[in-house]
Amino acid sequence: MIPPAFDYARPTSVDEAVRTLADAGEEAKVLAGGQSLLPLLRLRLAFPELVVDVGRIPELRGVREDGDMLAIGALTTHHDVVHDPLVRRHAGLLAQATETVADPAVRHRGTLGGSLAHADPAGDLPAVVLALDAELVAVGPGGRRTIPARDFFADYLQTALAPDELLVEVRVPKREGWGFRYEKFHRVAQSWAMVGVAALVRRDDGHLAEARIGLTNMGATPLRASASEEALAGAGDAEAVARAAQEAAEGTRPSRDASASPEYRAHLARVLTKRAVLAAAGMG
Amino acid sequence: MTHISVTVDGTAYEDDVEPRLLLVHYLRDRLGLTGTPIGCDTSNCGACTVELDGASVKSCTVLAVQADGCEVTTVQGLARDGEWTPLQRAFHERHALQCGYCTPGMIMAARDLLRENPRPSSDEVRKALEGNLCRCTGYQNIVRAVLAVAEETSASERQSAQGQSAQEVTA
């Protein structure tokens with residue numbers, strides 16, 4: 001299939017990109033790695049008048065430490081995230097989940113910022129940044145602003161980004177010593193997650209002191225399994241974890257599609273939450 | 001139209017292209033390099049896999065304008081003076097193809113794996129090829145072919161290491 005015709009701009013700085021977006025109004029689309037946008041264009045599900053290719057803006061790439069945060073450039077590819085020693089050390093959950101995104105060729109092109117800005121509820125990384133309590137930094141004509149992950153995902157494929165704003169950085173609090181695991185269920189190797197669960201746990205003296213659980217594909221946006229998180233505080237054995245995991249689907253609104261009913265997705269959320277938390281806590 | 005300069009299989013090209021032109025269409029329709037097939041049109045099958053600046057990509061999911069200034073290697077750029085690469089030879093010798101449609105993509109994806117991990121396990125080969133579909137279901141022999149190349153390479157490295165230590169002894 002051939003994408004619809006569009007104009008093309010390739011800015012070389014964030015300022016130039018933001019000016020280009022502001023001039024174009026609502027009819028522009030940002031192209032990063034293109035692994036979500038190009039399939040949409042080919043299937044003619046998107047008709048932008050202008051595609052703004054930010055792929056050659058070097059300042060958007062790479063990972064650096066910033067106090068107790070990791071600052072990951074929005075254009076850092078999945079491949080680079082998986083192999084980055086800082087990410088592996090301070091945000092192992094992100095590295096592990098990113099390794100399950102699509103396949104190696106897609107991970108060479110696809111970017112962290114692109115995946116988050118695309119905001120597909122079946123995408124793996126939105127639930128991960130939600131569980132990590134990450135912050136997303138956007139630049140627009142009015143300057144820079146920081147958006148907490150919990151306020152970033154607005155609806156199905158919708159984010160808090162204005163049309164003239166560019167996502168430039170993902171800031172992740174360092175979480176050394178926390179256990180983590182991303183569990184996802186999908187029918188074939190490279191298909192989208194039917195449901196995914198991102199678990200982070202802090203252990204203290206043989207029990208779980210704190211748990212953060214992000215859910216993939218359990219609603220129009222990624223969600224936190226708050227009821228399970230509360231029930232997990234103080235859990236000391238696998239049975240207590242299993243009981244808490246029973247509440248993983250509380251407050252979610254999973255969709256119905258060709259691969260699963262809402263009831264089946266709720267079941268998967270409970271099973272995967274148990275698996276992910278047990279593995280993260282080293283109780284599996 | 002947007003002007004691009006791109007090197008494909010060692011030859012430099014300059015072209016004016018529509019921004020919406022996909023890299024795979026540029027390779028096939030403009031340059032006549034039909035060794036890179038189009039399989040699925042949905043980024044799933046990996047048949048169109050090529051290397052862009054040394055990393056595997058699905059050329060149906062890259063715009064030609066995104067390849068501006070880059071180096072592209074297709075399956076047609078692998079052989080040197082008619083001599084196949086070890087991977088191409090192994091696919092031939094281990095019957096790693098039936099209809100052959102997925103083969104260019106499989107070989108390009110396997111090259112990527114062996115560059116990063118020259119001694120992969122069978123599971124690692126399967127994981128590395130998960131973005132490439134074979135509808136004749138020849139996966140068993142595809143995995144065998146990739147493992148055979150890894151073994152060949154390490155055997156020849158062992159030999160040359162032994163040769164070296166033998167030389168050191170004589171010296």
Side-chain angles (χ1 to χ4, degrees), chain A residues 1-12 28-57 75 77-80 82-83 99-111 114 186-192, chain B residues 1-4 17-25 29 38 40-70 105-106 108-117 120 124-133 139:
Chain A
M1 299 258 290
I2 296 180
F6 50 77
D7 290 330
Y8 175 77
R10 192 196 292 153
T12 53
K29 264 289 192 191
V30 175
L31 171 68
Q35 302 304 289
S36 299
L37 181 58
L38 287 184
L40 284 183
L41 291 172
R42 270 190 333 232
L43 295 168
R44 303 221 170 189
L45 295 171
F47 294 87
E49 280 174 14
L50 175 69
V51 166
V52 182
D53 181 356
V54 298
R56 303 283 174 101
I57 304 179
L75 207 61
T77 63
H78 300 315
H79 180 268
D80 289 352
V82 169
H83 291 91
E99 211 164 2
T100 75
V101 171
D103 55 62
V106 169
R107 292 196 291 273
H108 280 143
R109 298 289 298 169
T111 67
H186 49 178
R187 288 186 308 154
V188 293
Q190 53 163 334
S191 65
W192 295 93
Chain B
M1 290 288 185
T2 302
H3 189 76
I4 60 167
V17 298
E18 264 194 287
R20 64 168 163 172
L21 184 69
L22 301 174
L23 178 59
V24 69
H25 290 139
D29 304 343
I38 299 173
C40 68
D41 248 344
T42 52
S43 313
N44 285 307
C45 80
C48 67
T49 304
V50 301
E51 281 170 18
L52 186 60
D53 283 346
S56 63
V57 302
K58 295 181 172 181
S59 61
C60 73
T61 315
V62 178
L63 297 170
V65 288
Q66 287 178 290
D68 182 25
C70 297
M106 288 287 180
M108 300 314 281
R111 270 169 67 85
D112 205 84
L113 165 69
L114 294 176
R115 231 185 342 256
E116 283 199 0
N117 179 4
E124 286 169 332
V125 173
R126 286 166 198 275
K127 202 150 184 280
L129 298 180
E130 72 184 4
N132 295 74
L133 304 181
Y139 293 114

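The chains referred to below are lettered A, B, ... by the order of the sequence lines, with proteins before strands, and numbering in each begins at 1. The figures that follow rest on heavy atoms only: side chains count, while hydrogens, waters and symmetry mates do not.
Heavy atoms of Ala109(B) lying under 4.5 Å from chain A are absent altogether. Heavy-atom distances place no part of Leu113(B) under 4.5 Å from chain A, backbone and side chain included. When heavy atoms are compared at a cutoff of 4.5 Å, Ala102(A) approaches chain B solely by way of its backbone atoms N, CA, C and O. For Val106(A), the part sitting under 4.5 Å from any heavy atom of chain B is the side chain, from C-beta outward, and nothing else.
Interface with chain A: from residues 62-70 of chain B, residues Val62(B), Leu63(B), Val65(B), Gln66(B), Ala67(B), Asp68(B), Cys70(B) qualify, criterion being any non-hydrogen pair under 4.5 Å.
Listed by chain and residue number, nothing satisfies the salt bridge (Lys or Arg N to Asp or Glu O under 4.0 Å) test with Arg44(A) (two or more places apart in sequence, or in another chain). The salt bridge (Lys or Arg N to Asp or Glu O under 4.0 Å) search around Arg20(B) returns Glu18(B), not counting sequence neighbours. In terms of the side-chain contact (heavy atoms from CB on, under 4.5 Å) criterion, residue partners of Pro48(A) (sequence neighbours excluded) are, by chain and number, Lys29(A), Leu41(A), Ala46(A), Val51(A).
Between the side chains of Arg10(A) and Thr2(B), not a single donor N or O lies within less than 3.5 Å of an accepting N or O.
Proximity of Pro3(A) to Leu22(B): side-chain heavy atoms (C-beta onward) are separated by under 4.5 Å at one or more points. Contact of the Glu116(B) side chain with the Pro104(A) side chain is not registered, since no non-hydrogen atoms from C-beta on lie closer than 4.5 Å. Proximity of Met1(A) to Thr42(B): side-chain heavy atoms (C-beta onward) are nowhere separated by under 4.5 Å.
Of the listed residues (Arg126(B), Met108(B), Glu130(B), Lys127(B)), the one with the most heavy-atom contacts under 4.5 Å to chain A is Glu130(B).
The main-chain N or O of Cys60(B) is found under 3.5 Å from a side-chain atom of Arg42(A) such that the two form a donor-acceptor pair.
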